[in-house]
S.K.: 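One structure, as structure tokens, below. Some questions next.
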Amino acid sequence: MNLVVGVLALQGAFAAHAECVASLGVSVLEVRTPEQLEDVDALVMPGGESSTMSQLLLSSGLFDAIAQRIAKGMPTFGTCAGMILLASEVLDGRPDQRSFGAIDISVRRNAFGRQIDSFETAIDTPFGEFHGVFIRAPRIERTGSAVEVIGRLGDEPVLVRQGNVLAASFHPELAGDARLHEYFVTTMTTARKV
Ligand code: GLN
């Protein structure tokens, strides 16, 4: 498979994502410019600080370029801050913070359950139990009808998908377990060039 998976590398936990993707034998490219985006078939948006990433996306010219690719069907996986960037509604965001509106969810920053700091716990997914690392995680407060809930922590959705967009409120790249990246790469890309 000649798939190239990009990892948005403006800020945040991109290196661990790149390692996870590489561990699957898939080519990885760190993406910092619109030109680099042209060379990838799919994109991972890491955790970090969504308001900072929003600013850097705008100043680098990547915001519009990524929005266009997502609209054309590029498989995209956002984790934590990356999920916030993909959401249609961001609650408790900075006033100037932008998001792609690529998945119909409302997320509240830094507000997962009653725990606003970090915690680790088991979450239920179709691949079995997954070790969820939550770091000042966003909480999904609403999912639209087109959104499929793939993973839950108790009753709460923490892993969601809408078409070509996958989003997790936790950090799968820090769990030493590439099953979710494998799901993204195998199920969502289906080896198509978009
Ligand atoms: N709280 C961060 C934000 O709002 C997300 C935290 C994370 O990515 N670990 O962007």
Side-chain angles (χ1 to χ4, degrees), residues 7-21 43-57 66 70 75-144 146-162 165-184 188:
V7 178
L8 184 67
L10 296 173
Q11 190 265 340
F14 55 86
H17 271 297
E19 273 175 36
C20 272
V21 173
L43 185 67
V44 177
M45 295 191 193
E49 180 50 52
S50 57
S51 55
T52 306
M53 265 194 258
S54 166
Q55 284 176 342
L56 295 171
L57 281 164
I66 290 174
I70 294 175
T76 308
F77 180 20
T79 64
C80 206
M83 177 175 89
I84 296 169
L85 288 169
L86 290 169
S88 53
E89 186 181 22
V90 178
L91 304 165
D92 292 341
R94 269 183 35 167
D96 61 346
Q97 176 164 0
R98 299 261 313 264
S99 69
F100 291 106
I103 181 165
D104 187 16
I105 54 175
S106 301
V107 297
R108 189 174 296 280
R109 292 176 68 210
N110 304 330
F112 196 87
R114 271 181 263 168
Q115 314 228 32
I116 61 167
D117 287 309
S118 306
F119 61 101
E120 301 191 14
T121 188
I123 59 172
D124 293 320
T125 76
F127 338 102
E129 226 169 59
F130 199 92
H131 185 70
V133 179
F134 294 78
I135 304 172
R136 298 192 67 78
R139 181 182 184 186
I140 301 172
E141 294 198 345
R142 181 194 64 84
T143 55
V147 174
E148 184 187 351
V149 177
I150 299 178
R152 284 192 175 79
L153 172 55
D155 291 339
E156 302 239 9
V158 293
L159 177 63
V160 289
R161 175 182 179 179
Q162 182 178 341
V165 177
L166 180 68
S169 46
F170 53 96
H171 285 260
E173 79 283 9
L174 300 180
D177 179 345
R179 279 178 298 164
L180 221 47
H181 292 78
E182 192 174 8
Y183 171 82
F184 175 63
M188 300 194 58

S.K.: Please name the residue in the list Ile66, Val165, Thr76 that meets the side-chain contact (heavy atoms from CB on, under 4.5 Å) test with Phe100.
M.R.: Ile66

S.K.: Measure the spacing between CG of Asp96 and OG of Ser54 and express it to the nearest 0.5 Å.
M.R.: 6.5 Å

S.K.: Can you tell if the side chain of Arg136 reaches within under 4.5 Å of the side chain of Asp117, non-hydrogen atoms only?
M.R.: yes

S.K.: Step by step, work out the side chain to side chain contact (heavy atoms under 4.5 Å, CB included) result for Asp177 and His131.
M.R.: CA-CA 8 Å; Asp177 179 345; His131 185 70; 6.0 Å; no

S.K.: Is Arg109 salt-bridged to Glu49, going by a charged N under 4.0 Å from an acidic O?
M.R.: yes

S.K.: At what distance, to the nearest 0.5 angstrom, does CD1 of Ile150 lie from OG1 of Thr125?
M.R.: 9.0 Å

S.K.: Quick one: OG on Ser50 to CG on Leu57, what's the gap to the nearest 0.5 Å?
M.R.: 10.5 Å

S.K.: Between Leu180 and Leu159, is there a side-chain heavy-atom distance shorter than 4.5 Å?
M.R.: yes

S.K.: His17: what forms a ring-ring contact (aromatic ring centres under 6.0 Å, His included) with it, not counting sequence neighbours?
M.R.: His181

S.K.: Which is it for Glu173 and Val44 under the side chain to side chain contact (heavy atoms under 4.5 Å, CB included) test, yes or no, and what are the steps along the way?
M.R.: CA-CA 11 Å; Glu173 79 283 9; Val44 177; over 6 Å; no

S.K.: Report the distance from atom CZ of Arg108 to atom OG of Ser169, rounding to the nearest 0.5 Å.
M.R.: 14.5 Å

S.K.: Which atom pair, heavy atoms only, marks the closest approach of Phe130 to Arg179?
M.R.: CD1-NH2, 3.5 Å

S.K.: Would you say Arg142 and Asp104 make side-chain contact, with heavy atoms under 4.5 Å?
M.R.: yes

S.K.: Looking only at heavy atoms, which two atoms of Cys80 and Pro138 are closest? And how far apart?
M.R.: SG-CD, 3.6 Å

S.K.: Are His171 and Ser118 close enough that some pair of their side-chain heavy atoms sits under 4.5 Å apart?
M.R.: no

S.K.: Please report the interatomic distance CE(Met83) to CZ(Arg139), rounded to the nearest 0.5 Å.
M.R.: 11.5 Å

S.K.: Scan Val133, Leu153, Ile123, Ile135 and name whichever one has a side-chain contact (heavy atoms from CB on, under 4.5 Å) with Phe170.
M.R.: Ile123

S.K.: Side-chain contact test, heavy atoms from C-beta onward, threshold under 4.5 Å: evaluate it for Ile105 versus Gln162 and give yes or no.
M.R.: no

S.K.: If you look at every heavy atom in Leu43 and Phe184, which pair is closest and at what distance?
M.R.: O-CZ, 3.7 Å

S.K.: Where do Ser99 and Gln97 land on the side-chain hydrogen bond (donor to acceptor under 3.5 Å, both in side chains) test, with the steps shown first?
M.R.: CA-CA 7 Å; Ser99 69; Gln97 176 164 0; over 6 Å; no

S.K.: What is the minimum heavy-atom distance between Val147 and Ile103, and which atoms define it?
M.R.: CG2-CG1, 4.0 Å

S.K.: Between Arg152 and Asp124, is there a side-chain N and carboxylate O pair less than 4.0 Å apart?
M.R.: no

S.K.: If you round to the nearest 0.5 Å, how far is CZ of Phe77 from CE of Met45?
M.R.: 12.0 Å

